[in-house]
Every structure is written in C-alpha cells, then in structure tokens.
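Below is one structure, written out as structure tokens; comments come after it.
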Amino acid sequence: MKFDYQLLEKSKQKEAIKTIKGVPFGSVRTNHMFLMDYAKGEWKNARIVPYGEINLPAGALCLHYGQAIFEGIKAFRQADGSIKLWRADKNAMRINHSATIMCMPHIPVELQLECIQRLIDVERDWCPNEPDAAMYIRPFMFATYDSLGVKVSCTYTYCIMLSPCGPYYSGGFDKAIRLVITDKFHRAVAGGTGTAKCVGNYGASLRPGEYAKSRGADQVLYLDASNTYLEEAGTMNHYNVLKDGTFIIPAFNDSILRSITSETILELAEMGTELSTGKLKARLEQIPLNDFINGLKSGEIIEAGGFGTAAVVSPVGSYLMDDDTVHTVADGKVGKYSRALYEYYTAMQNGTKESPKGWLL
Ligand code: COI
C-alpha cells in the first residue's frame, strides 16, 4: 500500500497544551489525521492529511442508517522516549468483528497497525509524558455511499484521529464514581448489536447518560433486557471484588462489548500475576442483580468499578436505584484491590513493569 503525506508546513501546536491535567477527555486534536477509502472490494488512497472536515454526500448511508463503527486504543510514552501501542492488535481484530456485525468490510490487522503507526510517527510530539496520560487513538469507519434506500453501502472511509488525554472521569482514579441501576433503559438485547462498537450503541446511550446525570450519577449500569442480570456500563465493562479479592466481571454474551481491558485482566489472572495485594484472581460470571445488591449489603462485595480503554480501572463508590435507595460499596472509597490492579496495569502500559511479549507494540 502506498501512503501519501500532505503535512502542514508549520505545526499548529502543542505549546498550547503544557499539561493534560484538567483537560476534558477527548477534547484535544493533533495536526493530522489518517484517511483511506474502500471501493470495489479494495482499500486504497491511504493518506495523512491536516486534521479537519470530511466531505460526505448528504445521502451517505452512515448519516441515515448508522453504518459506522469505531475503536479506542491508547499509546504510551516509554521511559526511553519511544511510543508504544497497547494491545492494538486486539482492537484491530475487534473493529473487524464490529464490521462483520454491521455488514462492513474488514481491514487486515497488519494494515490497520501500519496506518496507526504512521500517524503516530507524524504526531509523536503530541504524545504526553506525564502520569495517567496517554495518546488516545480513535480509528473509525463509515459508509459513504449515497442512498436513501436502506441497504449495505458499497463504499467506505476509514479514518484515524488522535487525542492526547488524561483520565476519562475528571476526578481520575482516586474519585470513585456513582452508577445508576435502572430498569428504564437497556443498552442491547440478545441478537442485537451489543458486541459491536457501532455508533448506534453510543447514540442510544445518550438519553440514559442524561438520566444518570439528572440524578447526580456518572453513568448507568445496564441490566439485561429482563432486568435480571448485570451487563455493562456502556463506556466500560463492570466488575466487583469479593471479600477474598476476586474480580468478577459479568459473563460476556451477545449484548456486552468485550472490553480489551477486561480480557487482559482475565489473561493476567490466568498467568498467575502477582499484584501488591497477592495473586490476581479474576473470572467471568453471570451476576443476578439481586445477588449483587445482597452482596453489597452483606459486605461480601467489597469493591466495584469499570474496566475500559478510556476508563482503565474506574472504581465505583455507590449505586443509585430507581427508588432512590443508595447502596454504598464498603466505605464508598477506592479499595486496595482496585488500586493494586490499576497500578500494575498502568505500569505495564508505560513500560515500568514487564508485560507479556507483543502487548506493547
Ligand atoms: C473506549 O474505552 O475507548 C471507549 O470506547 C469509551 C469511549 C466511548 C469514550
């Protein structure tokens, strides 16, 4: 594949952002973005161009029928100054899974990695070098064919943009968040698009998100459509920690997005990883809401939170129910198991702790 570069002569930089502290997640843009087009069964016109507008016909299928998918990846500045992608091959495989669900074309994993690496190379000065910060990478693909008939597009564009970032929640790891548990909204159902990172799932999450905010909470913890089991929180998978330190993640099904952070934590547990709190224990389990609430009340559940690329490990301090009952997780503060896992995980990402071969690319 030939890559074209149309680079700005003078970088619009960077001096503007001395630190990522206090900068809202996702608000910063770098100078350039990557674009590549698909037609007649082929990806072509790979190019790095100044960040900006994208031309689309008003009838582009992505705008009308939501044929659009994305990923969230992070790259980290290492002690030697290099920049490494964290498990980006898993994200590349996941966008292809989303593409299958949304009847869109795959992009070879190696090609996706090359596109990301080339854009990072151009924008390397933008990668933050401070604690809890990263270069957030947003690859996305959308249908460009002009049609008002509801159908699968025959043309697409793949784009990558970058956004230096700090923590997803403004309080960072140390401020436990509050989730609402409600039977008013559901994220996905069996047989739907729940395992895809497609834009429709996030569009549908806006109203529940506003509802959570209106009740003084950060986000909704979704239940399955029968209101029986815990599912996920939309921007992150959910976990709770039992008294013996075991992390329990709701069992993946076809209405939960498989978080790469969750999968990594399950793999680390399988490998017998030692945290400062002892051996990491983690497993998937279907979690009935009633058992979960009883566990919070009885003290069997001592910590909880979310796992995600943007969220990393985000502790939850309390749950607000539809009838205004609040269930606090232990003392409502960040617990030692979540902290030990967060410290281990982020140390692997910035290279101060060794990670399995191939995880930092
Ligand atoms: C990510 O963790 O990359 C996500 O997809 C969350 C995002 C929607 C902010």
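In what follows, residues are counted from 1 in the order of the sequence shown. Note that the structure is a prediction, hence the values are computed from the model and not measured. Indexing begins at 1, ligand by ligand and atom by atom, following the structure's order.
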Can you tell whether the side chains of Arg87 and Glu267 come within less than 4.0 Å, N to carboxylate O?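 Answer for the salt bridge query: yes.
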Between [X] and [Y], a side-chain donor and acceptor under 3.5 Å:
X	Y	answer
Thr309	Tyr136	no
Glu274	Tyr344	no
Asp174	Tyr342	no

In this structure, are over 12 heavy atoms from other groups packed under 6.0 Å from Asp4 atom CG?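 Correct, the count exceeds 12.
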Tyr168 N/O under 3.5 Å from ligand 1 N/O: no
How far is [atom] from its nearest protein heavy atom, and which residue and atom is that?
atom	value
atom 8 (C) of ligand 1	Tyr202 CE2, 3.7 Å
atom 1 (C) of ligand 1	Tyr136 OH, 3.5 Å
atom 2 (O) of ligand 1	Ala310 N, 2.8 Å

Between Lys197 and ligand 1, find which residue part has any heavy-atom pair under 4.0 Å and reply side chain, backbone, both or neither. side chain
